[in-house]
Amino acid sequence: MKTFAILVILCGSMFLSGGCATPAYSGHERGQLITRGWGYEYAQIQDDVDHALLLRPPGVMTIWNVR
């Protein structure tokens, strides 16, 4: 039980910490980059699901802002 409690405390402190800072980014900036990547991946998955379930009207234009 002690080991489990220590493991929970260590995991909790790992998730609540500011993250790992690199020479290029602070922990907060790195968290923003990761969150932005997750958001983009979620949007891609949602687009694939909508396409597979035919929830969007047909069209030739992309919904993505491609530059």
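When a residue number appears, it is its place in the shown sequence, counting from 1.
Its side chain within the 4.5 Å cluster rule, L53 clusters with I45, V49, L55 among the Ile, Leu, Val, Met, Phe, Trp and Tyr residues. When hydrophobic side chains of Ile, Leu, Val, Met, Phe, Trp and Tyr are connected at separations under 4.5 Å, L54 ends up as a singleton with no cluster partners.
L33 CG to H28 NE2: the interatomic distance, rounded to the nearest 0.5 Å, is 10.0 Å.
When each of R30, Q32, R36 is checked for a side-chain contact (heavy atoms from CB on, under 4.5 Å) with I34, only R30 meets the rule.
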